[in-house]
Structure formats: structure tokens, C-alpha cells
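Here is the structure we will look at, set down as C-alpha cells.
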Amino acid sequence: QVQLVESGGGLVQAGGSLRLSCAASGRTFSSYVMGWFRQAPGNEREFVAAINWSGGSTYYAESVKGRFTITRDNAKNTVYLQMNSLKSEDTAVYYCAAARSTILVITTRFYDYWGQGTQVTVSS
């Protein structure tokens, strides 16, 4: 069992930056693929970024590529999402998720554990 708790959301102006954190419980954190997803009102939850167990492989949605960076610190059981050059369309609730997978996965059905989400609001 893995419990995930996100933090770091808030209100920021367009062009600004935020760093989200996701703290995980459990001794097997390093064996999970970790992902970030987001969901805006009226929209489906969408993939943002994923990182493999070692941090050596990452994958991003086209909409955030070059602006967002996902990293992890297995010693701290934490995954991060650095978000730069934020746009109003980045406004959403951001969720951290863990997948028992050996490859990067980008669809929600492959993720086994989810956090409660943190709100990110970008004002234009």
C-alpha cells in the first residue's frame, strides 16, 4: 500500500513558477513509476509527466514539454514537478500517482495509487 500526499499548489501569475511535491509512504517507493496528472473543471483527468524508478527516464505531455520537469528523490520518498512559464490553461487540480510498472505509463488505468490533489491556479 502506498499513500501519496501532494503539496505546493497555489495561485501564481502567468509566466511564473511553482514546484509541486508528492510525499509517499511505504518502503517500496523506489520500485514505482510515478506520474503527475491534472484535471480542470469539466475536463477529464489528463497525463502531465511520468518518471521511472531510477529517475533516468521521463516522459511529458506535449502541452508541458520544455516548461515542466519531473524529478524524484528515492531517499526522501518524494517526487517533484517543477512548473515554469505557467499559462492560464495550466490551471487545474494536480494529482500525483504511483504505478506498479516496469515501463513509463501515461494512462490513468495503469496507476494503482493516487493522492488527493493540489490546486494550481494561474491568473492571466
Side-chain angles (χ1 to χ4, degrees):
Q1 190 79 2
V2 176
Q3 292 184 324
L4 304 172
V5 179
E6 302 97 334
S7 61
L11 174 64
V12 64
Q13 288 189 332
S17 299
L18 280 176
R19 189 176 82 152
L20 305 183
S21 299
C22 172
S25 66
R27 292 173 292 177
T28 59
F29 171 77
S30 62
S31 65
Y32 286 86
V33 165
M34 299 299 297
W36 285 98
F37 291 75
R38 65 187 182 186
Q39 188 167 18
N43 291 354
E44 292 187 354
R45 194 168 296 189
E46 65 174 6
F47 170 77
V48 174
I51 189 167
N52 75 333
W53 69 273
S54 69
S57 181
T58 57
Y59 189 79
Y60 298 91
E62 284 297 322
S63 59
V64 306
K65 197 174 293 184
R67 300 188 298 123
F68 290 10
T69 302
I70 186 171
T71 57
R72 68 189 296 162
D73 185 338
N74 289 338
K76 296 182 178 179
N77 278 14
T78 302
V79 62
Y80 305 96
L81 186 68
Q82 178 67 44
M83 305 186 295
N84 299 329
S85 302
L86 283 162
K87 306 174 181 180
S88 58
E89 52 262 46
D90 295 318
T91 295
V93 177
Y94 283 70
Y95 297 91
C96 170
R100 289 188 294 254
S101 174
T102 56
I103 60 173
L104 293 179
V105 288
I106 66 171
T107 53
T108 57
R109 66 187 180 96
F110 289 111
Y111 283 81
D112 304 286
Y113 304 102
W114 293 84
Q116 82 290 348
T118 186
Q119 177 70 47
V120 171
T121 303
V122 183
S123 62
S124 56

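Computed from a predicted structure; not experimentally measured. Along the sequence shown, the residues carry numbers beginning at 1.
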Do you reckon [X] sits in the same ILVMFWY cluster as [Y], going by side-chain contacts under 4.5 Å, direct or chained?
{"X": "Y32", "Y": "F47", "result": "no"}
{"X": "Y111", "Y": "Y60", "result": "no"}
{"X": "F110", "Y": "V48", "result": "no"}
{"X": "V79", "Y": "V64", "result": "yes"}

Give me the atom names and distance for the closest heavy-atom approach of [X] to [Y].
{"X": "G55", "Y": "T58", "answer": "O-CG2, 4.5 Å"}
{"X": "S124", "Y": "A14", "answer": "CA-CB, 4.2 Å"}
{"X": "L86", "Y": "L18", "answer": "CD1-N, 3.9 Å"}
{"X": "F29", "Y": "A24", "answer": "CD1-CB, 3.3 Å"}
{"X": "S85", "Y": "R67", "answer": "O-NH1, 3.0 Å"}
{"X": "S21", "Y": "W36", "answer": "O-CH2, 3.7 Å"}

With distance as the sole test, does [X] use its side chain to make a donor-acceptor pair with the main-chain N or O of [Y] at under 3.5 Å?
{"X": "S57", "Y": "N52", "result": "no"}
{"X": "E6", "Y": "C96", "result": "yes"}
{"X": "T91", "Y": "V122", "result": "yes"}
{"X": "N74", "Y": "W53", "result": "yes"}
{"X": "S101", "Y": "A99", "result": "no"}
{"X": "Y113", "Y": "R100", "result": "no"}

Straight-line distance of [X] [atom1] to [Y] [atom2], nearest 0.5 Å:
{"X": "F37", "Y": "I106", "atom1": "CZ", "atom2": "CD1", "result": "8.0 Å"}
{"X": "Q1", "Y": "D112", "atom1": "CD", "atom2": "CG", "result": "10.0 Å"}
{"X": "I70", "Y": "M34", "atom1": "CD1", "atom2": "CE", "result": "7.5 Å"}
{"X": "Q119", "Y": "Q39", "atom1": "CD", "atom2": "CD", "result": "11.0 Å"}
{"X": "R72", "Y": "N77", "atom1": "CZ", "atom2": "CG", "result": "9.0 Å"}
{"X": "T78", "Y": "L4", "atom1": "OG1", "atom2": "CG", "result": "10.5 Å"}

Contact between [X] and [Y] at the side-chain level, heavy atoms closer than 4.5 Å - yes or no?
{"X": "D90", "Y": "F68", "result": "yes"}
{"X": "V105", "Y": "I103", "result": "yes"}
{"X": "M83", "Y": "V120", "result": "yes"}

Which residues satisfy the salt bridge (Lys or Arg N to Asp or Glu O under 4.0 Å) test with E89, sequence neighbours excluded?
none

Salt bridge (Lys or Arg N to Asp or Glu O under 4.0 Å) partners for D73, two or more places apart
none

Inter- and intrachain pairs under disulfide bond (SG atoms under 2.5 Å apart), touching residues 27-78, at least two apart:
none

Look at the aromatic rings of W114 and Y95 and report parallel, tilted or perpendicular, splitting at 30° and 60°.
perpendicular

